[in-house]
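For reference, the structure discussed in these notes is given below.
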2 protein chains.
Amino acid sequence: MAKGNLPKLHSDFSVDCVIFGFDDEELKVLLVERNEPPFKAWKAIPGNLVYDQEDIDAAAERVLYELTGLHNIFLEQFYSFGSIDRHPQGRVITVAYYSIIKRNDNGLHPVSGYAKKAYWWPADNIPKLAFDHNEIVDKALQTLRHKISYEPIGFELLPEKFTLTQLQHIYEAILQKRIDKRNFRRKMLSYGLLTELNQKQKGVSHRAASFFKFNKSRYRSLKKKGFIFGLR
Amino acid sequence: MAKGNLPKLHSDFSVDCVIFGFDDEELKVLLVERNEPPFKAWKAIPGNLVYDQEDIDAAAERVLYELTGLHNIFLEQFYSFGSIDRHPQGRVITVAYYSIIKRNDNGLHPVSGYAKKAYWWPADNIPKLAFDHNEIVDKALQTLRHKISYEPIGFELLPEKFTLTQLQHIYEAILQKRIDKRNFRRKMLSYGLLTELNQKQKGVSHRAASFFKFNKSRYRSLKKKGFIFGLR
DNA sequence: GCAAAAGTGTTAACTTTACACCCATGT
DNA sequence: ACATGGGTGTAAAGTTAACACTTTTGC
């Protein structure tokens with residue numbers, strides 16, 4: 001166990017980030033290998049202490065950048081964890097954030113020395129993590145599954161022009177179930193927020209799919225009036 | 001403004017509680033009148049710092065008790081607030097909890113001297129509060145409204161034996177809309193979780209309503225299988 | 001007998017589900 | 001010609017929404 005005779009901190013707080021990554025196939029979670037005690041060499045989600053004069057949302061962004069090289073990611077707070085002994089060095093309450101992004105398998109480079117490396121790990125098979133990070137990831141997954149039923153999550157994960165099958169794969173990966181293609185397409189198109197473009201896939205060895213785009217500004221104005229975009 | 005030349009704290013954390021009260025009529029929020037700086041004599045929601053060796057959930061319970069005399073209330077964490085300057089004396093991140101309880105107009109007695117008094121205030125007309133407490137109450141209300149659409153909130157607010165009209169009033173107060181009686185009754189009964197008792201109201205100057213009870217253990221087992229009790 | 005809330009059914013509109021075949025493209 | 005995923009319609013079942021009158025009780 002990584003607990004040792006480490007100096008005690010005053011009570012303090014940290015932020016932790018659960019970053020889900022999707023790449024047309026599989027849902028993964030971003031883990032780092034820690035390079036500092038406690039839990040040195042353990043896998044963990046990116047997290048660290050908040051500076052004294054730093055907003056917690058800003059701290060989450062900074063910490064994620066330092067440990068993984070990722071930036072400009074919209075992080076959403078979902079829960080805080082504050083058991084007395086969740087941190088072996090002292091009392092640390094952590095505010096947890098999550099996001100889901102397009103995954104590409106290049107470009108995860110820790111900027112600070114706190115993490116040795118950063119990599120994607122399948123969301124359905126998370127290893128044992130440092131601190132209470134398994135609990136944090138579980139709660140983030142629940143939150144994500146819940147959220148997709150009332151907000152259009154998918155469009156952050158897709159290029160501006162995407163096919164309906166790409167969109168369907170996102171729902172299937174997050175909800176962990178197969179969805180009927182015809183019913184899915186009918187439902188998504190019924191909201192009137194997807195515009196079919198005069199463009200098709202090229203170079204695919206099957207019938208080329210149409211590209212669509214998501215009408216974000218129209219969504220925002222409908223949302224204000226109580227409209228809900230989702231799939232249960 | 002209540003900011004003064006007060007001593008600076010080290011970074012620290014607090015808990016704040018938004019307690020909704022319902023009494024067959026109206027939804028209210030529990031406020032206290034502060035008796036300590038900062039914001040002395042302002043209205044606020046009950047909240048205070050967490051002790052070094054105290055779990056945050058336990059701290060929320062303790063603080064609520066000390067400021068209002070209420071105890072044995074199931075508090076649910078819903079968000080944390082951590083702007084740099086939300087507390088005039090220094091950096092204080094707060095973890096916010098909410099609950100909804102049966103309101104009776106006796107028995108709100110601050111135990112500690114931090115609050116001068118505690119009282120219920122209509123939820124649709126909250127006055128200006130200390131710190132960022134207006135923002136916290138707003139977010140709690142949103143959370144409550146959202147929650148009622150997928151969990152059976154009402155039964156904590158009712159006596160064990162209740163009428164369907166009492167239940168309907170809860171939904172109407174929280175969702176802020178009128179609901180059709182027949183449709184409401186059909187929907188609630190369709191879940192098969194309400195048992196009609198062989199008892200009726202007494203002494204009412206109109207036809208006496210039947211009492212029902214909620215089958216909590218059956219609900220819990222259905223919930224595990226993915227069942228959702230709610231009204232949208 | 002009047003006021004007040006309880007209790008009760010039906011219909012139309014809409015939503016969800018289940019299900020199978022032909023189409024376009026590259027190799 | 002075949003393998004691959006794209007694209008399409010319908011019917012049955014279930015859910016929601018709208019709507020008005022009779023019953024019971026106390027005063």
Side-chain angles (χ1 to χ4, degrees), chain A residues 23-26 148-150 154 158-159 161-173 175-213 222 226-232, chain B residues 23-26 148-150 154 158-159 161-173 175-213 222 226-232:
Chain A
D23 69 347
D24 271 22
E25 289 287 328
E26 197 188 2
I148 204 173
S149 74
Y150 60 96
L158 292 170
K161 301 166 183 178
F162 54 85
T163 69
L164 291 179
T165 298
Q166 285 180 294
L167 184 61
Q168 183 173 341
H169 286 165
I170 292 172
Y171 282 85
E172 290 180 332
L175 295 173
Q176 307 256 80
K177 65 173 189 186
R178 305 306 322 279
I179 298 169
D180 180 89
K181 187 169 40 159
R182 279 173 292 192
N183 294 339
F184 178 80
R185 295 164 82 92
R186 187 182 314 116
K187 180 81 177 163
M188 286 294 141
L189 294 171
S190 74
Y191 296 131
L193 291 171
L194 303 184
T195 312
E196 184 166 1
L197 305 173
N198 287 325
Q199 281 182 54
K200 305 209 165 199
Q201 287 179 316
K202 289 213 166 124
V204 288
S205 74
H206 54 75
R207 180 170 172 180
S210 280
F211 286 117
F212 289 78
K213 66 183 175 60
L222 285 174
F227 167 81
I228 293 174
F229 185 112
L231 189 68
R232 255 132 280 213
Chain B
D23 70 347
D24 271 23
E25 288 288 329
E26 197 188 2
I148 204 173
S149 72
Y150 58 95
L158 292 171
K161 301 167 184 179
F162 53 85
T163 69
L164 291 178
T165 298
Q166 284 180 295
L167 185 61
Q168 182 174 342
H169 285 165
I170 293 172
Y171 282 85
E172 291 179 332
L175 295 174
Q176 307 255 78
K177 64 173 189 187
R178 306 305 323 276
I179 298 170
D180 180 89
K181 187 169 40 156
R182 282 173 289 191
N183 293 339
F184 178 80
R185 297 165 80 92
R186 187 182 314 115
K187 179 83 179 163
M188 286 294 142
L189 293 171
S190 73
Y191 296 130
L193 291 171
L194 302 184
T195 312
E196 185 166 359
L197 305 173
N198 287 325
Q199 282 182 54
K200 305 208 163 200
Q201 287 179 317
K202 289 211 165 124
V204 288
S205 75
H206 54 76
R207 180 171 173 178
S210 280
F211 286 117
F212 289 78
K213 67 182 174 56
L222 285 173
F227 168 81
I228 294 172
F229 185 112
L231 190 68
R232 254 132 279 212

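Note on naming: letters A, B, ... go to the chains in the order of the sequence lines (proteins, then strands), and numbering restarts at 1 for each one.
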For the pair made of [atom1] in [X] and [atom2] in [N], what is the distance, rounded to whole Å?
| X | N | atom1 | atom2 | result |
| --- | --- | --- | --- | --- |
| A:Asn183 | C:dT15 | CG | P | 14 Å |
| B:Lys181 | D:dC21 | NZ | P | 14 Å |
| A:Lys200 | C:dC23 | NZ | P | 14 Å |
| B:Ile179 | D:dT16 | CD1 | C1' | 14 Å |
| B:Phe162 | C:dA5 | CZ | P | 20 Å |
| B:Asp180 | C:dA6 | CG | P | 14 Å |
| B:Arg185 | C:dG9 | CZ | P | 11 Å |
| A:Leu167 | D:dG7 | CG | P | 13 Å |

*asked:* Given C:dG7, C:dT25, D:dG9, identify the nucleotide with an atom nearest to the side chain of A:Arg186.
replied: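 Looking only at side-chain atoms, A:Arg186 lies closest to D:dG9.
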*Please determine, for the side chain of A:Arg207, which listed nucleotide (D:dT23, C:dA24, D:dT25) has the closest atom?*
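The closest nucleotide is C:dA24.
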*If you take all heavy atoms of A:Arg182 and A:Asp180, which pair is closest and at what distance?*
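Taking every non-hydrogen atom into account, N-OD2, 3.1 Å.
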I want to check one thing: is the phosphate of [N], taken as OP1 and OP2, less than 4.0 Å away from some side-chain N or O of [X]?
| X | N | result |
| --- | --- | --- |
| B:Ser205 | C:dA3 | no |
| B:Lys187 | D:dT16 | yes |
| B:Thr165 | C:dA6 | yes |

*Of the options A:Arg178, A:Lys181, A:Lys177, which is the one that meets A:Glu172 in a salt bridge (charged side-chain N to carboxylate O under 4.0 Å, His left out)?*
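Passing option: A:Arg178.
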*B:Thr163 near the nucleic acid: base, sugar-phosphate alone, or nothing, with a heavy-atom cut-off under 4.0 Å?*
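Contact class for B:Thr163: none.
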*Spell out yes or no: do the side chain of A:Arg182 and the base of D:dG6 have one donor N/O and one acceptor N/O closer than 3.5 Å?*
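Side chain to base: no pair below 3.5 Å.
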_Under 3.5 Å: donor-acceptor pair, side chain of A:Asp23, backbone of A:Glu26_ =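 Side chain of A:Asp23 to backbone of A:Glu26: a pair is present.
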_Would B:Met188 and B:Tyr171 count as a side-chain contact (heavy atoms from CB on, under 4.5 Å) here? Give the steps._
CA-CA 11 Å; B:Met188 286 294 142; B:Tyr171 282 85; 3.7 Å; yes
*Kindly indicate whether the side chain of A:Phe162, heavy atoms from C-beta on, has any atom under 4.5 Å from the side chain of A:Asp24.*
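No. Closest side-chain heavy atoms not under 4.5 Å.
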